[in-house]
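Since the structure comes first, as structure tokens, the remarks are kept for the end.
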Amino acid sequence: MRKLGISIYPEHSTEEKDYEYIKLASRNGFSRIFTCLLSVKDTKDNTIKNFKSFILKAHELGFKVSVDTNREVFEFFGATASDISVFARMGVDIIRLDWAMSDYENIILTNNPYSILIEFNASSDISLDLLIKNGANRTNMSTCHNFYPQEYTGLSKRRFDYFTDKYYKQALPVHGFISSNNENTFGPWPVYKGLCTLEEHRGKDIGYQLRYMIANRKINDIIIGNAYASEEELEKLGKIDLSIPSLEVDENYDIIKVEKEIMYNFTHSDRIDSSEYFIRSSVTRSYGKDKDIPYRNCKKEYFEKGDILIVNNNLSHYRGEVEIVKKKIKNTGERNLVGRLNFDEQVIMDMISEKNPFKLIKGEKNE
């Protein structure tokens, strides 16, 4: 089941602030924490003590905690692939390898006696299938993308899709990062331009980022890379249905009650015999067939990509069908314009394939 996550960087904050943030996230349905050991500058003993205390409190609130590591971190703690007891003492649930070790070490790590999950960097090209063939424990493996603090360095959609598809096809969970737009956020490094996986997400509304990841359908857990997200952002993410893609609608001002019911009260999907001109959600026709959906004058000669239409009384056999325009069509008077998807929502729309279920949700300005 898909989980929401936050990130905590204890070396850059206080225990009190971190705990309040974790409690706030817990109240909004979050259950995973990412933290980073690559940037810690304290002594070994202090680091173990501080992280053990922080992880214990996180566990009390139902969180699983992943720590970002590399070979240098292992050496700092005196850990090896055959002995990760120090991470077990700290209470770590997931060890993320920012860079994989040797094939032999990776295989040994996945077979550790503490059931600590080993998470590989999904933004790199690793032959995990060969590790599994040679004895790695698939059930104790997952992958998680990188985040990118520096502007213009995040993954392109093409590279993101390539890496995600690679590990998804190997039946391994793939996780990713989105970014808060709150002021004064921070991460492990002194760079403050957001911490997202996809470059095109930088600066975008955090709800949109989450819904994009859900629409990808191959991403499992989704983690806010920077701290601290605002209470408003956490509440917004907590209200989003993690199980199904959703498109946020800018409603038309003259939409009527039955059209709102048709849009928001159904799970939609395009037909298998999909049209190149629009997504057709026919499931609503059985509801709309006996309803009165009068023709409503619209001055647009053509409907354009992103327009959301509902078939009206003038085409009674199809009355109530929801159609989302993909390619410009003529306004024949048989469809009412009920809303529109902005450019970002159209990006998500383009990710929805035939028969894939999705929901339409009311945009914030319509609340």
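All figures in this text were calculated on a predicted structure; none of them were measured in a lab.
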Give the C-alpha distance, both sets of side-chain angles, the deciding distance and a yes or no for side-chain contact (heavy atoms from CB on, under 4.5 Å) between L237 and I222.
CA-CA 10 Å; L237 298 190; I222 301 155; over 6 Å; no

Strictly below 4.0 Å, N to O, side chains only: are [X] and [Y] in salt-bridge contact?
X    : Y    : result
K57  : E60  : no
E261 : K291 : no
R335 : D307 : no
K49  : D45  : no

Return yes if a side-chain donor-acceptor contact under 3.5 Å exists between [X] and [Y], otherwise no.
X    : Y    : value
N226 : T185 : yes
Y228 : D18  : yes
H268 : S281 : yes
D344 : Y212 : no
R271 : S282 : yes
Y104 : N106 : no
D292 : N313 : yes
N336 : N312 : yes
E334 : T332 : yes
Q209 : S179 : no

Given side-chain contact (heavy atoms from CB on, under 4.5 Å), test E200 with K157 step by step and report yes or no.
CA-CA 8 Å; E200 66 182 69; K157 183 180 186 304; 3.8 Å; yes

Is it true that atom [atom1] of [X] has more than 12 heavy atoms of other residues, nucleotides or ligands lying nearer than 6.0 Å?
X    : atom1 : answer
E72  : CD    : yes
Y168 : OH    : no
E231 : CD    : no
K166 : NZ    : yes
E232 : CD    : no
K330 : NZ    : yes
W189 : CH2   : yes

Single hit among F160, Y167, Y162 for ring pair (Phe, Tyr, Trp, His ring centres under 6.0 Å) with H145
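With H145 as partner, F160, Y167, Y162 yield a single ring pair (Phe, Tyr, Trp, His ring centres under 6.0 Å), made by F160.
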
Apart from L130 itself, what residues make up its hydrophobic cluster, given side-chain heavy atom links below 4.5 Å?
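Members besides L130: none; it forms no cluster.
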
How far apart are the C-alpha atoms of K23 and E20, what are their side-chain angles, what is the distance that settles it, and do they pass the salt bridge (charged side-chain N to carboxylate O under 4.0 Å, His left out) test?
CA-CA 5 Å; K23 288 193 292 184; E20 286 303 312; 3.0 Å; yes

Shortest non-hydrogen separation from [X] to [Y] and the atoms involved:
X    : Y    : answer
L155 : R159 : CD2-CB, 4.3 Å
E15  : S53  : OE2-OG, 3.5 Å
L195 : G225 : CD1-O, 3.2 Å
C298 : L337 : SG-CD2, 4.1 Å
S31  : K3   : OG-CD, 3.5 Å
I219 : M213 : CB-O, 3.9 Å

Please determine whether residues [X] and [Y] belong to a single hydrophobic cluster, defined as Ile, Leu, Val, Met, Phe, Trp and Tyr linked transitively by side-chain heavy-atom distances below 4.5 Å.
X    : Y    : result
F278 : F266 : no
L117 : I107 : no
I95  : Y114 : yes
F51  : V86  : yes
V249 : I244 : no

Criterion salt bridge (charged side-chain N to carboxylate O under 4.0 Å, His left out) on E199 and R202, from CA distance to verdict:
CA-CA 6 Å; E199 184 59 37; R202 201 179 302 275; 2.8 Å; yes

Would you compute the distance between atom [atom1] of [X] and atom [atom2] of [Y] and round it to the nearest 0.5 angstrom?
X    : Y    : atom1 : atom2 : value
I308 : D250 : CD1   : CG    : 8.5 Å
K327 : Y302 : NZ    : OH    : 13.0 Å
E345 : S246 : CD    : OG    : 7.5 Å
I224 : I206 : CD1   : CD1   : 4.0 Å
I108 : I84  : CD1   : CD1   : 11.0 Å

Taking the six-membered ring for Trp and the full ring for Phe, Tyr or His, determine whether the centres of F87 and F74 are under 6.0 Å apart.
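Close enough - the centres of the two rings lie under 6.0 Å apart.
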
How about F34 and F147: are their ring centroids closer than 6.0 Å?
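F34 vs F147: aromatic centres under 6.0 Å.
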
In sequence, state the C-alpha distance, the side-chain angles, and the governing distance for D205 and K236, and then conclude on side-chain contact (heavy atoms from CB on, under 4.5 Å).
CA-CA 10 Å; D205 174 78; K236 174 184 284 191; 2.6 Å; yes

Go through the steps to decide whether K169 and D165 satisfy the test salt bridge (charged side-chain N to carboxylate O under 4.0 Å, His left out), and finish with yes or no.
CA-CA 6 Å; K169 288 175 181 176; D165 289 348; 5.3 Å; no

Criterion salt bridge (Lys or Arg N to Asp or Glu O under 4.0 Å) against D221, the qualifying member of R96, R32, K64:
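Only match with D221 under salt bridge (Lys or Arg N to Asp or Glu O under 4.0 Å): R32.
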
Heavy-atom side-chain proximity of R296 to V338 below 4.5 angstrom:
yes

May I ask you to test the N112-I118 pair for a side-chain heavy-atom distance under 4.5 Å?
yes

Can you name the residues that form a side chain to side chain donor-acceptor pair (under 3.5 Å) with S142, not counting sequence neighbours?
E119

